[in-house]
Amino acid sequence: MSSPRSNKPKIVNGPGGYMLQDVPHLIDYLPDLPTYPNPLQDNPAYSVVKQYFVDADDSVPEKVVVHKDGPRGIHFRRAGPRQKVYFESDEVHACIVTCGGLCPGLNTVIREIVSSLSYMYGVKRILGIDGGYRGFYAKNTIPLNSKVVNDIHKRGGTILGTSRGGHDTTKIVDSIQDRGINQVYIIGGDGTQRGASVIFEEIRRRGLKVAVVGIPKTIDNDIPVIDKSFGFDTAVEEAQRAINAAHVEAESNENGIGFVKLMGRYSGFIAMYATLASRDVDCCLIPESPFYLEGEGGLFEFIERRLKENGHMVIVLAEGAGQDLMCKSMDSTLKDASGNKLLKDVGLWLSQSIKDYFNKNKMVMNLKYIDPTYMIRAVPSNASDNVYCTLLAQSAVHGAMAGYTGYTSGLVNGRQTYIPYYRITETQNNVVITDRMWARLLSSTNQPSFLGPKDISEEKKELPETPLLDDGAVDIPPVTKEVTK
Ligand SMILES: Nc1ncnc2c1ncn2[C@@H]1O[C@H](COP(=O)(O)OP(=O)(O)O)[C@@H](O)[C@H]1O
Ligand SMILES: O=P(O)(O)OC[C@H]1O[C@](O)(COP(=O)(O)O)[C@@H](O)[C@@H]1O
Ligand SMILES: [Mg+2]
């Protein structure tokens, strides 16, 4: 067990190879904090629920598929309300911030944090931080209550605004301290969770009674450990509209190609799931799966063959795919304000390359390029994402009220959990092209893998599985690929 104020991971080992990767608690560095009965015990809506409070020993396994003689493996603390809380209702001064790119469901998460705090725990003081991390020190705050957030879940985007860059730990923690904020809810992707982790470390170093809670947001689904990120289903659904349009255009023209570019900087999950859902896609190109254009087994040959067979085709491309194939003279070292690599527009480049190839070979071809990039993340979340966001927000609030801190609230194997930051920030979730899910995609599109046997064995060595949902892959340990920015 770690000592007070130590930033070593809290690990609890148990029999049969059980390991709990626990999250920090305020009493790790403030051991004398008083506790109070959870006000939920008097809430008429919850008092009828048997065993409503989560048992202190409940934990959730990271892997549900185990071998008979294998170890019990890594577990995370189960999320949910506790018998005792470490904050009195009128003591709580909470704030919420949204950072990074947009994602469907942001407003729902904001709404449900506000509702959980006010309706479940009687909290009255909740602030919205305007425009991401820099809003802590460079902008005014937005007072939030259940009335203000009442119908925001029907809108896309975030009512709080968002931004990249601007993470100044000292200024942010100074602002938290000066305003007397004691619960900080930080909604954002991998970069944001890294930022939350350093904010938590600084708060612990200063010995403040402040719970720091991350809520994972990523349209790209590139956050590890969690089953999937909120808004992902909505984005995949929205992408169907573009793919349908591409199919209609392709079918109606001689040698028609419908070409759709989707988001996915390093991870091709949106493209993969949109393709699998659609069944109209002939070829899906993602960052994790290298491909080449010319010659035998290349993309051009495949397109030509598919057009000859079917008279039309649909291509889905994730924006991070094929970046290496593009003109070397273009500056590929440019970064955005958060340090993420700025991508070149591979969609325009590849569609032009395909046109050039068919012109050169004097073949008729009609390519229609559709770029719905921002449309799929700017829409409001769908019904199932709304429910998901609600549970996520409630879990985040229960954890902070119970004194946990320095964690990301996330769904693991269908259960809400508290995950220590280091597990969220150490790796990135990627499509593993030697997994069954990618094989399912290849078999549904009947596209070539563009890989030789050597590439496959290299890939197998490097990339064990990281499923979005249960992909049936049981025999490879859960390690993800490290991606440098
Ligand atoms: N390593 C880091 N340490 C501290 N803050 C970071 C770090 N990486 C990113 N951030 C901050 O997190 C916020 C969001 O990051 P970004 O990468 O743009 O989006 P996302 O959180 O969606 O990945 C930005 O304000 C950025 O400055
Ligand atoms: O133009 P922006 O706002 O930087 O967003 C573009 C990027 O945002 C993403 O949708 C997601 O990135 P984040 O998870 O960092 O928000 C990427 O797929 C895309 O490259
Ligand atoms: Mg990111």
Side-chain angles (χ1 to χ4, degrees), residues 98-110 112 153 156-158 162 187-193 214-243 260-278 281 284 286-288 316-320 372-393 395-396 408-417 419 424 427-432 435 437-438 440-441 465-471 480:
T98 50
C99 310
L102 292 182
C103 176
L106 281 166
N107 279 334
T108 313
V109 175
I110 296 168
E112 297 309 321
H153 60 297
T158 157
T162 185
I187 312 168
D190 52 346
T192 306
Q193 302 302 315
I215 292 130
K217 167 251 42 154
T218 155
I219 195 77
D220 292 349
N221 199 55
D222 55 4
I223 294 186
V225 184
I226 60 172
D227 292 354
K228 65 175 172 180
S229 48
F230 71 81
F232 178 79
D233 278 355
T234 306
V236 169
E237 210 168 281
E238 192 62 20
Q240 300 303 297
R241 301 198 318 135
I243 295 173
V260 179
K261 185 180 87 169
L262 296 175
M263 278 197 167
R265 205 198 303 266
Y266 306 113
S267 305
F269 286 106
I270 295 178
M272 175 166 84
Y273 272 73
T275 297
L276 275 165
S278 152
V281 180
C284 174
I286 60 169
E288 295 89 335
V316 166
L317 170 83
E319 62 182 338
T373 316
Y374 291 102
M375 292 176 67
I376 67 166
R377 74 174 197 186
V379 290
S381 45
N382 67 14
S384 87
D385 271 326
N386 269 340
V387 176
Y388 181 13
C389 291
T390 304
L391 298 188
L392 203 52
S395 302
T408 298
S409 211
L411 197 69
V412 176
N413 293 316
R415 294 289 180 159
Q416 297 288 344
T417 66
I419 306 162
I424 296 291
T427 55
Q428 192 171 53
N429 199 21
N430 293 102
V431 173
V432 176
D435 260 5
M437 209 61 193
W438 187 244
R440 286 181 191 118
L441 180 135
E465 49 112 24
T466 21
L468 177 66
L469 298 169
D470 178 19
D471 69 343
T480 50

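Keep in mind it's a predicted model, so treat the numbers as computed, not measured.
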Take L392 and L411 through the side chain to side chain contact (heavy atoms under 4.5 Å, CB included) test and state the conclusion after the steps. CA-CA 8 Å; L392 203 52; L411 197 69; 5.6 Å; no
S267 and D220: side-chain donor and acceptor closer than 3.5 Å?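 The criterion, which ignores hydrogens and geometry beyond distance, is not satisfied for D220 and S267.
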Under a 3.5 Å cutoff, is there a donor and acceptor pairing between the side chains of S395 and S409?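 Not at all, the side chains of S395 and S409 share no donor-acceptor pair under 3.5 Å.
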Short question: side chain of [X], backbone of [Y] - any donor-acceptor pair under 3.5 Å?
| X | Y | value |
| --- | --- | --- |
| T373 | M263 | no |
| K217 | G101 | yes |
| Y388 | G105 | no |
| N430 | Y266 | yes |
| D222 | Q428 | no |
| D227 | G414 | yes |

To the nearest 0.5 angstrom, please state how far the [atom1] atom of [X] sits from the [atom2] atom of [Y].
| X | Y | atom1 | atom2 | result |
| --- | --- | --- | --- | --- |
| I376 | Q240 | CD1 | CD | 10.0 Å |
| E288 | D435 | CD | CG | 11.0 Å |
| L102 | T158 | CG | OG1 | 7.5 Å |
| T108 | N386 | OG1 | CG | 4.0 Å |
| I270 | M272 | CD1 | CE | 11.5 Å |
| M375 | L262 | CE | CG | 11.5 Å |

Compare every heavy atom of [Y] with every heavy atom of [X], then report the nearest pair and how far apart it is.
| X | Y | value |
| --- | --- | --- |
| G268 | A318 | CA-CB, 4.4 Å |
| G156 | N107 | O-ND2, 3.3 Å |
| I219 | A235 | CD1-CB, 3.4 Å |
| G410 | I226 | CA-CG2, 3.9 Å |
| V316 | A271 | CG1-CB, 3.8 Å |
| G264 | P287 | O-CG, 3.8 Å |

Would you say that [X] contacts [Y] through its side chain, given a criterion of any heavy-atom pair below 4.5 Å between the two side chains?
| X | Y | result |
| --- | --- | --- |
| C284 | W438 | yes |
| P216 | I424 | no |
| T192 | I187 | no |
| M437 | V431 | no |
| E238 | T234 | no |
| S229 | I223 | no |
| I215 | F230 | yes |
| N429 | F269 | yes |

Counting only heavy atoms from other residues, nucleotides and ligands, does the tally under 6.0 Å from CZ of R415 exceed 12?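 No, CZ of R415 has 12 or fewer neighbouring heavy atoms, counting only those of other groups under 6.0 Å.
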For a side chain to side chain contact (heavy atoms under 4.5 Å, CB included) check, start with the C-alpha distance between N382 and D233, then their side-chain angles and the critical distance, and finish with the verdict. CA-CA 8 Å; N382 67 14; D233 278 355; 4.1 Å; yes
